[in-house]
Amino acid sequence: MLTVPTPAHVIRSACPSDAERLASIEAQVSVNPWSERQFVRACSELERDTQSVLLAHVNGHIDGFIVFSQVLDEASIHNIAIQPNCQGRGLGKVLLKAALTQIECNCATRCLLEVRESNVIARRLYARFGFEVDGVRKGYYPTHSGREDALLMSRELKGIADERA
Ligand SMILES: CC(C)(COP(=O)(O)OP(=O)(O)OC[C@H]1O[C@@H](n2cnc3c(N)ncnc32)[C@H](O)[C@@H]1OP(=O)(O)O)[C@@H](O)C(=O)NCCC(=O)NCCS
């Protein structure tokens with residue numbers, strides 16, 4: 001059987017002109033998607049050194065992104081999404097590792113995130129990178145039929161670049 005190789009994605013920082021494509025990916029995968037305006041703002045804040053958006057592209061075609069921020073030595077992952085037809089091929093791991101490596105280079109010692117309790121795939125991704133659940137925010141996320149809990153996860157940062165993704 002012929003196997004199709006995963007294309008070699010290039011990771012780069014996003015800029016405001018990427019916002020439309022990022023919002024389009026987000027709209028396909030999120031119950032409560034960020035708007036294009038939110039992405040424009042997130043990308044613009046790159047200059048301020050507080051918030052970063054990394055994206056993965058092949059020949060300019062964007063297939064995924066991750067948004068994160070840092071205050072002093074503590075970082076937070078705010079959003080990560082992969083285009084549906086590219087999911088399950090390791091791109092989430094590549095983007096998360098790139099973000100954690102950048103965060104560690106910026107001298108953060110801890111990284112936090114929140115994830116929907118029902119989001120089993122994202123929870124597995126985070127667990128694979130050593131994130132552990134250390135709290136619950138009851139009814140934090142809206143759903144189609146009501147609310148659901150957010151799991152708070154965190155991990156210490158040390159030697160990310162040497163970890164196997
Ligand atoms: C969550 C998401 C970012 C993961 O990215 P991805 O590229 O699909 O995931 P990867 O292929 O890198 O796999 C990462 C891990 O997730 C798990 N995983 C991926 N696809 C899976 C599937 N279909 N079923 C079960 N687990 C799966 C695996 O544990 C995998 O690690 P492993 O292969 O080493 O065991 C992506 O699925 C996505 O965009 N989901 C919608 C948006 C979202 O939920 N974002 C998270 C908000 S907190």
Side-chain angles (χ1 to χ4, degrees), residues 3-14 18-36 38-39 41-43 51-59 61-70 74-103 108 110-155 157 159-165:
T3 54
V4 180
T6 306
H9 283 87
V10 175
I11 308 296
R12 69 163 168 84
S13 292
D18 298 314
E20 185 180 355
R21 172 64 184 149
L22 303 187
S24 149
I25 294 173
E26 169 83 344
Q28 295 173 66
V29 302
S30 176
V31 179
N32 189 26
W34 287 19
S35 66
E36 184 175 335
Q38 281 173 287
F39 281 105
R41 203 177 312 127
C43 294
Q51 185 151 235
S52 298
V53 185
L54 295 179
L55 58 79
H57 72 95
V58 178
N59 297 328
H61 183 78
I62 300 168
D63 286 324
F65 65 84
I66 185 165
V67 184
F68 54 101
S69 67
Q70 186 173 340
E74 195 169 87
S76 302
I77 306 288
H78 297 294
N79 201 350
I80 178 170
I82 308 298
Q83 171 72 21
N85 62 6
C86 290
Q87 289 180 8
R89 296 200 219 157
L91 200 49
K93 283 187 280 192
V94 169
L95 275 167
L96 184 55
K97 182 163 185 175
L100 292 175
T101 302
Q102 182 170 315
I103 287 165
R110 190 163 183 76
C111 186
L112 317 173
L113 59 85
E114 290 161 1
V115 60
R116 284 176 187 267
E117 189 175 28
S118 64
N119 195 342
V120 176
I121 294 180
R123 285 172 61 183
R124 280 198 199 157
L125 168 66
Y126 299 138
R128 203 174 195 304
F129 275 82
F131 283 87
E132 291 179 353
V133 176
D134 45 22
V136 178
R137 242 192 264 285
K138 285 277 170 204
Y140 183 70
Y141 289 113
T143 66
H144 292 306
S145 55
R147 315 281 307 177
E148 79 170 299
D149 295 349
L151 300 183
L152 311 182
M153 302 183 82
S154 71
R155 66 156 286 174
L157 297 169
I160 295 286
D162 300 327
E163 287 181 13
R164 227 182 113 252

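Every number for a ligand or one of its atoms is a count from 1 in the order of the listing. All figures in this text were calculated on a predicted structure; none of them were measured in a lab.
- Annotation for Asn85: atom CG counts as buried by contact number, over 12 foreign heavy atoms lying within 6.0 Å.
- Some N or O of Gly88 is nearer than 3.5 Å to an N or O of ligand 1, by distance alone.
- In this structure a side-chain-to-backbone donor-acceptor pair under 3.5 Å is present from Gln38 to Ser35.
- Not a single donor-acceptor pair under 3.5 Å links the side chain of Gln28 to the backbone N or O of Pro84.
- The main-chain N or O of Ile62 is found under 3.5 Å from a side-chain atom of Arg21 such that the two form a donor-acceptor pair.
- Contacts between Phe129 and ligand 1, counted as non-hydrogen atom pairs separated by less than 4.0 Å, are absent for every part of the residue.
- Of the options Lys93, Gln28, Gln87, the smallest heavy-atom separation from atom 33 (O) of ligand 1 is shown by Lys93.
- Ring-plane geometry between Trp34 and Phe39 is classed as tilted, the angle between the planes lying from 30 to 60 degrees on a 0 to 90 degree scale.
- Residue contacts with ligand 1: Asn79 is placed with no nitrogen or oxygen under 3.5 Å of a nitrogen or oxygen of the ligand (distance criterion only).
- For ligand 1 and Arg128, the ligand atoms under 4.0 Å from any heavy atom of the residue are 31 (O), 32 (P), 34 (O), 35 (O).
- The N/O atoms of Glu114, backbone and side chain alike, include none that comes under 3.5 Å of an N/O atom in ligand 1.
- Polar contact with ligand 1: present for Ile80 (N/O pair, distance under 3.5 Å).
- If you check each of Val29, Leu125, Leu95, Val115 against atom 41 (C) of ligand 1, the one with the closest non-hydrogen atom is Val29.
- Of the listed residues (Ile121, Val29, Asp63), just one forms a side chain to side chain contact (heavy atoms under 4.5 Å, CB included) with Gln87, and that residue is Val29.
- A salt bridge links Arg137 with Glu114: the closest approach of a Lys/Arg side-chain nitrogen to an acidic carboxylate oxygen falls below 4.0 angstrom.
- Partners of Arg147 by side-chain hydrogen bond (donor to acceptor under 3.5 Å, both in side chains), not counting sequence neighbours: none found.
- Residue Ala81 has no N or O atom closer than 3.5 Å to an N or O atom of ligand 1.
- Under a 4.0 Å criterion applied to the non-hydrogen atoms of Asn119, ligand 1 contributes the atoms 43 (C), 44 (O), 46 (C).
- Of the polar atoms of Gly92, at least one N or O is found under 3.5 Å from an N or O of ligand 1, judged by distance alone.
- Every atom of ligand 1 is numbered from 1 in the order shown, and the set under 4.0 Å from a heavy atom of Gly90 is 10 (P), 11 (O), 12 (O).
- For Ser154, the side-chain hydrogen bond (donor to acceptor under 3.5 Å, both in side chains) partners two or more places apart in sequence, or in a different chain, are Arg110, Asp134.
- Residue Arg89 places at least one N or O, backbone or side chain, under 3.5 Å from an N or O of ligand 1.
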